[in-house]
Engineer: 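Please see the structure below; I have some questions.
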Amino acid sequence: MNENKVLHIASWNVNSLTVRLDQALEWLASTKTDVLALQETKLTDDKFPVNIFQEQGYHVVFSGQKSYNGVAIVSRYPIEEVTTDIPELIDPQRRILVATIAGIRLINLYVPNGASVGTDKYEYKLMWLEKVTYYIQQQLNLYPKVAVVGDFNIAPEDQDVHDPEEWKGCVLVSPLEREAFFKWIDLGLQDPFHQFTQDQIYSWWDYRAGGFRRNRGLRIDHILLSEPLLKQCLACYIDIEPRRSERPSDHAPVRATLAIAK
DNA sequence: ATGGTGGTCTTACCA
């Protein structure tokens, strides 16, 4: 007899794992999340709370630095073939963490913010996106099941922006950033989000000026799936609840449910 | 009303 099972994967920019550790643990447990990609942990590896996750029954890998950036993967399933650096990009900033979990090549990214169009940080973002494109292309050739998840710092379309006119041409929505996003789609990755009916469109709201209260948000956190994984995708949505918490991250987690054969 | 908030070995920088 065949039993249908599911895998819950998610991505969440926690903006300091130190501050958000209890929230993350509670959210992991209450949502039955199997695999969680974290961004902006802001922790050096020696300070990562390995034992706390292990005590809760999770495997964990991480790549961190002091004060800024930092990525991690928390998983109910064993984590294999871990990569923190890609040959295309020599970078002290810890923004990439790749691993194989339950037959899925999971690429966890914290894409540079880009500050504002025309700055050095914007140029770094475009360069970073281009280098990672080559890496993703290679991974798609090596693995049929690829998930690229994380804080992309790109809102792909105007429907992902609360006020497209106000944001027109700004960082996070500029044409060159969107072009980079759709290059990844052209490689064979797909964004399942708009294939499902959504209550919440946005994944990030600026802390300033009552951004969340006024729902002035953008959808910049994503889960992209290769074709074999897309066929297994039963749901994809943003869980706004953590953003309502006391002392929240400025990002809400994005989730996907994947059917797995048992 | 052209700002604001929040995080970090803080008084500057990042988002």
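Order of the sequence lines sets the chain letters (A, B, ...), proteins ahead of strands, with each chain counted from 1. Quantities reported herein were computed from a predicted structural model and do not represent experimental measurements.
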Engineer: Applying ring pair (Phe, Tyr, Trp, His ring centres under 6.0 Å), name anything that partners Phe212(A), two or more places apart in sequence or on another chain.
Structural biologist: Trp205(A)

Engineer: Please give the distance between the P atoms of dG3(B) and dC9(B) as a whole number of Å.
Structural biologist: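 My reading of the P atoms in dG3(B) and dC9(B) gives 29 Å.
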
Engineer: Roughly how many Å apart are dC13(B) and dT2(B), using the P atom of each and rounding to a whole number?
Structural biologist: 24 Å

Engineer: Distance between the P atoms of dA1(B) and dG6(B), in whole angstroms?
Structural biologist: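 Approximately 23 Å lies between the P atom of dA1(B) and that of dG6(B).
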
Engineer: So which of Leu38(A), Leu36(A), Ile101(A) actually passes side-chain contact (heavy atoms from CB on, under 4.5 Å) with Ile73(A)?
Structural biologist: Ile101(A)

Engineer: Mark up nucleotides 6-15 of chain B, 5' to 3', with B wherever a protein heavy atom is under 4.0 angstrom from a base atom, S wherever such an atom reaches only the sugar-phosphate, and - elsewhere.
Structural biologist: SSSS---BSB

Engineer: I need the single residue from Val71(A), Ile79(A), Val98(A), Thr84(A) that forms a side-chain contact (heavy atoms from CB on, under 4.5 Å) with Val61(A). Which is it?
Structural biologist: Ile79(A)

Engineer: Is there a residue in residues 165-180 of chain A whose heavy atoms reach under 4.0 Å of DNA chain B, and which residues are they?
Structural biologist: none

Engineer: Only pairs with both distances under 3.5 Å count, Watson-Crick or wobble alike; so what is the partner of dT2(B) in this structure?
Structural biologist: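 No nucleotide pairs with dT2(B).
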
Engineer: Drop me the distance from Phe53(A)'s CZ to His59(A)'s NE2, to the nearest 0.5 angstrom.
Structural biologist: 13.5 Å

Engineer: Are Tyr68(A) and Gln93(A) linked by a side-chain donor-acceptor pair shorter than 3.5 Å?
Structural biologist: no

Engineer: Tell me if the CG atom of Asp120(A) is crowded by more than 12 foreign heavy atoms within 6.0 Å.
Structural biologist: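 12 or below, so no.
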
Engineer: Should the pair Trp204(A) and Trp167(A) be assigned to parallel (<30°), tilted (30 to 60°) or perpendicular (>60°) ring geometry?
Structural biologist: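 Trp204(A) vs Trp167(A) ring planes: perpendicular.
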
Engineer: Does the side chain of Asn69(A) pick up a donor-acceptor pair with the side chain of Arg94(A) at under 3.5 Å?
Structural biologist: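 Their side chains do not contain a donor-acceptor pair, so the 3.5 Å distance test is not met.
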
